[in-house]
Amino acid sequence: MKVLLVNGGPHKNGATNRALTEIAVTLRKEGIGSEIFWIGNDPIAGCIGCGACRKDGKCFRDDAVNRFNSIASGFDGFVFGSPVHYAAISGAMSSFMDRVFYSGDKNIFYMKPAAAAVSCRRGGASAAFDEINKYFTISCMPIVSSQYWNQIHGNSAEEAEKDEEGLQTMRTLAKNMAFMLKCFEAGKSAGINVPEKEAAVKTNFIR
Ligand SMILES: Cc1cc2nc3c(=O)[nH]c(=O)nc-3n(C[C@H](O)[C@H](O)[C@H](O)COP(=O)(O)O)c2cc1C
């Protein structure tokens, strides 16, 4: 089993990456593989709602979003990490997540455990944490929790290293993710399959 850890910050080896690394190391101890996917520093445009992805199965902009979607189906769980920018997730991560969740094959995420992890200097962490969790709850993804809201404090990896509670929160999160993945696997072996989806009903509140 494998977990994909997304670093939605501008620093490949910054505070967000430090939090994700703590998760990766703990997952390994639990016998779960993982990979860190950095969204990078090239511009990531927002979704323009053109609907091309619904026809072509991928976004017309060939960037980190399509790269992510092309590998994501091979993973059993996800952690989306972002630094806090103005009490929200980074602008690039917001565009990235909008387009990943809108354009990707919905089965990539269906009933796969997910967690948010945020890094910040001082404030806005829980608002950013809430923002990421909203993508999971609209995608039938069971949320993995921890002993605190999943946040680490520091402006850099070195500062984050000093946040002992933040690091412990990440380790607990990883252990809980591993536990959930193993439970799901055991359930599958026992013949418990993910629920069959009804055809989606969409009402736009216009009548
Ligand atoms: C544009 C911008 C806005 C920021 N806004 C906040 C903020 O609202 N609250 C906060 O505590 N830190 C804020 N920070 C600091 C970052 O959240 C912090 O440095 C983060 O841990 C960096 O993570 P990274 O190294 O993964 O990029 C901001 C940083 C930038 C660049």
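We count ligands from 1, going down the list as the structure has it; atoms in each ligand are counted the same way. The shown structure was predicted, so the numbers you read here are calculated from the model rather than taken from an experiment.
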Q: Work out whether the distance between some heavy atom of P83 and some atom of ligand 1 is less than 4.0 Å.
A: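 Contact check P83 vs ligand 1: positive.
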Regarding ligand 1, does [X] bring an N or O atom to under 3.5 Å of one of the ligand's N or O atoms?
X    : value
N155 : yes
N17  : no
G9   : no
V84  : yes
Y86  : yes

[atom]: which protein heavy atom is closest, and how many Å away?
atom                    : result
atom 29 (C) of ligand 1 : H85 CD2, 3.6 Å
atom 23 (O) of ligand 1 : S119 OG, 3.2 Å
atom 11 (O) of ligand 1 : R122 N, 2.6 Å
atom 26 (O) of ligand 1 : T16 OG1, 2.7 Å
atom 21 (O) of ligand 1 : G154 O, 2.7 Å
atom 27 (O) of ligand 1 : H11 ND1, 2.7 Å
atom 12 (N) of ligand 1 : R121 N, 3.3 Å

Q | Gap between atom CG of N17 and atom CD of E22 - 0.5 Å precision | A |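 Reported to 0.5 Å precision, the distance equals 11.5 Å.
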**Q.** Distance (rounded to the nearest 0.5 Å) between M180 CE and D76 CG
**A.**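 Answer rounded to 0.5 Å: 13.5 Å.
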Please say whether more than 12 non-hydrogen atoms of neighbouring residues, nucleotides or ligands are located less than 6.0 Å from [atom1] in [X].
X    : atom1 : answer
K29  : NZ    : no
K182 : NZ    : yes
F179 : CZ    : no

Q) Under 30°, 30 to 60°, or over 60°: which ring-plane class applies to F78 and F80, parallel, tilted or perpendicular? A)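 F78 and F80: parallel rings.
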(Q) Taking E161 first and then R18, would you say they form a salt bridge - that is, a charged N and a carboxylate O separated by under 4.0 Å? (A)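 R18 and E161: salt-bridged.
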**Q.** For atom 9 (N) of ligand 1, the option (of G123, S82, A87, A15) bearing the nearest heavy atom
**A.**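 Nearest heavy atom to atom 9 (N) of ligand 1 lies in G123.
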**Q.** Test item: T172 and N176 side chains (from C-beta on) under 4.5 Å apart, heavy atoms
**A.**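 T172 vs N176: side chains touch.
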Q) Does any non-hydrogen side-chain atom of Y135 lie less than 4.5 Å from one of F109? A)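 Sidechains of Y135 and F109: no contact.
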